[in-house]
Every structure is written in structure tokens, then in C-alpha cells.
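To keep things clear, I will list the structure first and then write my remarks on it.
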Amino acid sequence: MSTEWPLWEVFIRSKQGLDHKHVGSLHAADAAMAIENARDVYTRRQEGLSIWVIESRNIHASDPAEADSLFDPSADKIYRHPTFYHLPPEVKNI
Amino acid sequence: METSLFNYLLHLGDNALILGHRNSEWCGHGPVLEQDIALTNIALDLIGQARLFYQYAAALKGGPVTEDSLAYFRDVYDFRNCLLVEQPNGDWAHTVLRQFFFSSYQYDLYTALQHSADTQIGSIAAKALKEVTYHLRWSGEWVVRLGDGTGESKDRMRAAINDLWMFTGELFKPAPYEKTLLANGISVPAEPLKGEWEGRLQKIFEEADLEIPPAPAFQSGGKTGAHSEYLGYILAELQFLQRAYPGSTW
């Protein structure tokens with residue numbers, strides 16, 4: 001096609017989960033068609049009970065080139081994990 | 001009565017099998033991947049429906065008759081499908097319009113058949129209705145999309161209407177076996193189906209900015225075995241393998 005339909009990201013909620021998980025993307029002319037295409041492409045084997053679609057251009061992502069500065073600084077902050085702290089024996093459960 | 005029931009089951013099964021086969025011809029050739037899969041799903045739904053009707057018909061007949069022998073070893077004159085479903089795929093407009101015409105009919109037919117005096121037909125109809133509900137929604141949206149789309153898509157939809165309109169009348173023209181079964185409450189009256197079908201057509205065509213042709217939809221014959229030239233070619237492809245290598249499996 002000379003004029004491509006926009007790209008959409010598809011999220012499916014499975015029988016097991018409460019959350020919609022990203023399963024892939026597809027092309028569609030509008031939201032209604034995107035949901036139907038998602039039904040036809042991604043739920044053929046009973047994968048889902050609910051579908052979300054969002055046009056890919058509406059998703060803003062972090063820059064992979066910035067991964068070092070964004071994510072590495074948290075690597076040595078072990079005190080941010082609850083397991084860092086020793087519980088007094090008197091406290092049985094939290 | 002039993003012959004009529006057998007013929008009626010073949011009619012219901014053949015409608016589904018032949019349209020399913022037509023749609024399957026698009027597999028790998030769809031305009032975009034997503035719609036290729038959508039139409040292939042519909043094809044599989046229809047072939048699944050055909051199997052249920054053939055299995056019932058085979059059980060009724062007994063002996064060596066099976067769902068496979070009904071699909072693969074009958075000739076053109078023994079097929080009971082209406083002419084609409086055997087018409088060529090043409091372009092996308094022809095394919096989606098044919099689907100809309102047929103699904104819109106099948107939707108009300110199966111809705112009514114759920115209450116058939118024959119409980120097995122009723123169960124098949126209830127199961128298939130969920131599939132048909134989606135086929136109708138999908139095809140109806142495409143008719144609107146193309147009819148109310150660009151100049152070219154509208155022209156193509158109008159051409160499809162011109163080519164396919166004449167075959168729609170047969171859907172509501174009861175064959176002798178349908179009339180016989182009506183008395184037993186097994187088949188359903190055609191007039192209410194026609195009313196529902198016309199009402200939906202009017203609504204969708206209005207939304208699509210398309211006109212309903214004034215011409216009478218006069219073609220018929222498929223339900224009693226008088227088919228267009230196309231069915232022979234469909235069966236040649238559909239039945240080739242079983243005719244050449246009977247009983248082969250894969």
C-alpha cells in the first residue's frame with residue numbers, strides 16, 4: 001500500500017491475570033479496526049478476555065543510550081531493598 | 001421428512017463450506033496481514049459449521065456416509081448451497097459485500113434456528129451464532145468503510161453491489177425441503193428473515209452512503225442443485241486430492 005495504516009500496540013488481559021500485557025503490534029486504520037485486528041491476530045488460541053490498543057506514536061519511551069545514567073545508579077543502593085534491614089526478633093511478621 | 005431433513009442439513013452445510021472455501025482463497029493474498037488473518041478466521045469458522053451439519057447428516061444417513069464423503073465425493077448437482085456463496089471473490093469490495101449479505105442472513109437464520117424443533121440443529125445454531133455475530137460486525141464495518149471511503153472505494157463497492165445483488169433473493173426463497181420442514185417446526189419462515197435482513201441493509205447502506213438497487217434479485221437455483229458455472233471449478237480444487245487419492249490423510 002502506498003499509504004500505510006498507523007501502527008498500534010496491543011495489550012491483552014489473559015484469563016489468569018489482572019494486568020494487560022503487551023503482546024505485539026499491528027496496523028489498523030482506526031481504533032475500532034485495531035481492536036478487531038487484535039482479536040483476529042492475537043486471541044486465536046483463547047489468549048485473552050480483554051484487549052487494549054494504543055497508537056504506537058502515543059507511547060513515549062526512554063532513550064536506550066541513556067540507560068547507564070538512568071538505571072545504573074540504583075545498582076549499589078542495596079538499602080532500598082527491604083531485605084537490607086534486620087528485623088528485631090520480637091517482630092514475627094510484617 | 002427424513003429426506004427433507006438430510007437435504008436441509010446439506011444446504012446449511014454447503015452454504016458454510018463453499019463460502020468458507022471462497023474466503024480461504026484469500027489466504028496469503030489479503031490486502032494487509034491483519035485482514036488476511038481476519039478473513040482466514042472467518043473461513044475456518046464457516047468450515048467448522050459445515051462439519052457440524054455434515055456430521056449430523058452423515059449420522060442420519062448411516063452406512064458408509066461420513067462428513068468427508070459429503071464434502072469430497074458429491075458432484076455439483078448434489079450441492080444445495082445458494083448461488084451467492086459460490087460467486088467469485090473479485091476484489092476486496094466483492095468479498096466483504098458477499099460476506100455482509102450472507103452473514104446478515106445467517107445471523108437471523110441461526111437466531112431463529114436456535115428454537116428449531118430439531119434440538120441438534122438448535123445447538124449447532126446457538127454455537128455458530130457467536131461466530132456469525134462477529135462476521136456480521138466485521139463485514140458490515142467494511143461495507144461502511146468502503147462505501148463511505150474514497151471515490152475509488154465507493155466505485156468498487158457499487159460495482160460489487162451491481163454484481164452480487166441479483167443473488168440475494170434466493171436466500172429468502174424457500175426450497176421444497178425447507179417448506180416441508182417448516183410444517184414440523186424444524187426450519188424457519190423466510191419472510192421475517194427477509195424483513196430483518198432488509199432493515200439491516202438499509203441501516204448499513206445509509207451509513208455507507210450507498211443505494212439499494214431497485215432491480216429484483218431474481219437469480220436462484222443453487223438450493224436445488226442448479227448452480228452457476230463457478231461451483232464446478234470450486235469443487236475441482238476442493239475435491240481434487242480426495243478424488244485422486246481417496247482416503248488420504250495428513
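Residue numbering restarts at 1 for every chain, and letters A, B, ... go by the order of the sequence lines. Hydrogens, waters and symmetry mates are skipped; everything else that's a heavy atom, side chains included, is used.
In terms of modelled atom types and a separation under 3.5 Å, the side chain of B:Glu34 and the main chain of A:His27 share a donor-acceptor contact. Under the 3.5 Å distance criterion, the side-chain polar atoms of B:Asn41 are matched with a main-chain donor or acceptor of A:Asp40. The main-chain N or O of B:Arg80 is found under 3.5 Å from a side-chain atom of B:Asp14 such that the two form a donor-acceptor pair. Of the possible donor and acceptor atoms, none in the side chain of B:Gln87 sits under 3.5 Å from a partner among the backbone N and O of B:Leu84.
Screening B:Phe100, B:Phe101, B:Tyr105, B:Phe102 for a ring pair (Phe, Tyr, Trp, His ring centres under 6.0 Å) with B:Trp197, the sole residue that qualifies is B:Phe101.
Residues of residues 41-59 of chain A lying within less than 4.5 angstrom of chain B, judged on heavy atoms, are A:Val41, A:Arg44 in numerical order.
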Exercise. Is there a salt bridge (charged side-chain N to carboxylate O under 4.0 Å, His left out) between B:Arg22 and B:Glu25 once you walk through the steps?
Worked result: CA-CA 5 Å; B:Arg22 273 298 192 212; B:Glu25 292 172 12; 3.0 Å; yes

